[in-house]
Amino acid sequence: MTLQLGANKTNWKTATRLVRGGLNRSNFEETSEALFLTSGFVYGSPQEAEDAFKGESDRFIYSRIANPTVSMFEDRLALLEGARFCVGTSSGMAAMFAAIVSQAKAGDRIVASRALFGSCNYILTEHLPRYGIQTVLVDGTDLDQWQQALAEPAVCVFMETPSNPTLEVIDIAAVSDLAHAAGARVIVDNVFATPLLQRPLTMGADIVIYSATKHIDGQGRTMGGAILFNDESYLSDCLDPFFRHTGPSLSPFNAWVLLKGLETMKLRVDQHCENALTVARFLSTQKSIKKVLYPGLASHPQHQLAMRQMGRGGSMVAFEMAGGQPAAFQFLETLDLIDISNNLGDTKTLTTHPTTTTQQSMSEEERLRLGITPGLVRLSVGLEDVDDITQDLQQALRRLCGNC
Ligand SMILES: *Cc1c(COP(=O)(O)O)cnc(C)c1O
């Protein structure tokens, strides 16, 4: 499941880590990473099998537990994140669920920021309470609320920064200090920032999770996820036993696709950020748009913090149409190049209306509290020529507001 990384490789620069990290060639000396599409592995003798099951030999046993292609992906991502351990999972939600459930038990408390991906919200507020695990939700940008909620012990703290879809930015270091005083492990869902812009483990977080479906694949092909951390006891006491027996494993084929995704991720994320900033600036000049939310704009409420934690604004932009939901729907319908889709971090520019899709299951009151108004539109800025992206936005906005 995890390998210790060679010391020489930690001197590699980011781009080199992405291309060569974790490469483990077979005896055929192939250039590209081999795809080990196998569920099992064979033993030369019953004694070898017995030793493997006792954990006395370091070898592959069964792909639910570990697989050579999956291990290459885990090692490459661990090297990028600067983490000792990485566990690949079948999806981002499998990573989030395993990271939490593997360490929580009945009677435990979790403290989480309120601005959450819809399925993370479901797990914390509807599913885990069935097992007697309660979550207290706070406004992630308000340190006083974190402090109050963490005045009592908690098993873990969960946050998404920047958050979906309103791009709130949370102070990872400050919340980690409060969480550690309460005995909690800090889990950061780092999907929007990617490991290229933000490395939560260096800011005090204990566990980072990804939906690899997003920028790591980044080409709309496959599902995947990952859990990264440094604490060996979390692996041995919590995650490893949970993972090997419950099986949220990443398939070798998907791991191979994700390995190839990592090779180009730096080029893609750099360009995503550049295009998104141009698009955010363009949208800010439009009369039919009330408000643009982008961490890379000085107008963002946590712009300074975002620049400190991420350096750049990322690939996601949200904005509120002055004409509410009818304007948002008409705008989406009028787009020509940009697709309507709830995925994100893709090469293709994608847009979604959170109120009626990703955040539909929330109550209206909760949505409005988070700033998810009926006029809010979320844009995942892709890798098309940025002039074509802004032209498409412009023609749709023009049709919407006539001559304004
Ligand atoms: C997509 C997403 C997830 C879930 O990942 P899947 O791969 O779709 O299961 C979790 N958190 C955030 C912030 C996401 O964007």
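Atom set for the values below is all heavy atoms of this structure, side chains included, hydrogens, waters and symmetry mates excluded. Note that ligands are numbered from 1 as they come in the structure, with each ligand's atoms numbered from 1 the same way. Computed from a prediction, not measured in an experiment: that's the story for all the values here.
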Side-chain H-bond candidate by donor/acceptor type, K260 with S32, under 3.5 Å: yes

side-chain hydrogen bond (donor to acceptor under 3.5 Å, both in side chains): pairs with one or both residues in residues 336-348, sequence neighbours excluded: none

Under a 4.0 Å heavy-atom cut-off, which residues neighbour ligand 1? S91, G92, M93, F117, E160, D189, V191, F192, S211, T213, K214, M223, G224, L344

Only counting residues at least two apart or in another chain, list the ones meeting side chain to side chain donor-acceptor pair (under 3.5 Å) with E48. R59

What residues, two or more places apart in sequence or in another chain, satisfy side chain to side chain donor-acceptor pair (under 3.5 Å) together with R109? none

Rounded to the nearest 0.5 angstrom, the OG1-CD distance for T264 and Q219 is 5.0 Å

Would you say that M223 contacts S211 through its side chain, given a criterion of any heavy-atom pair below 4.5 Å between the two side chains? no

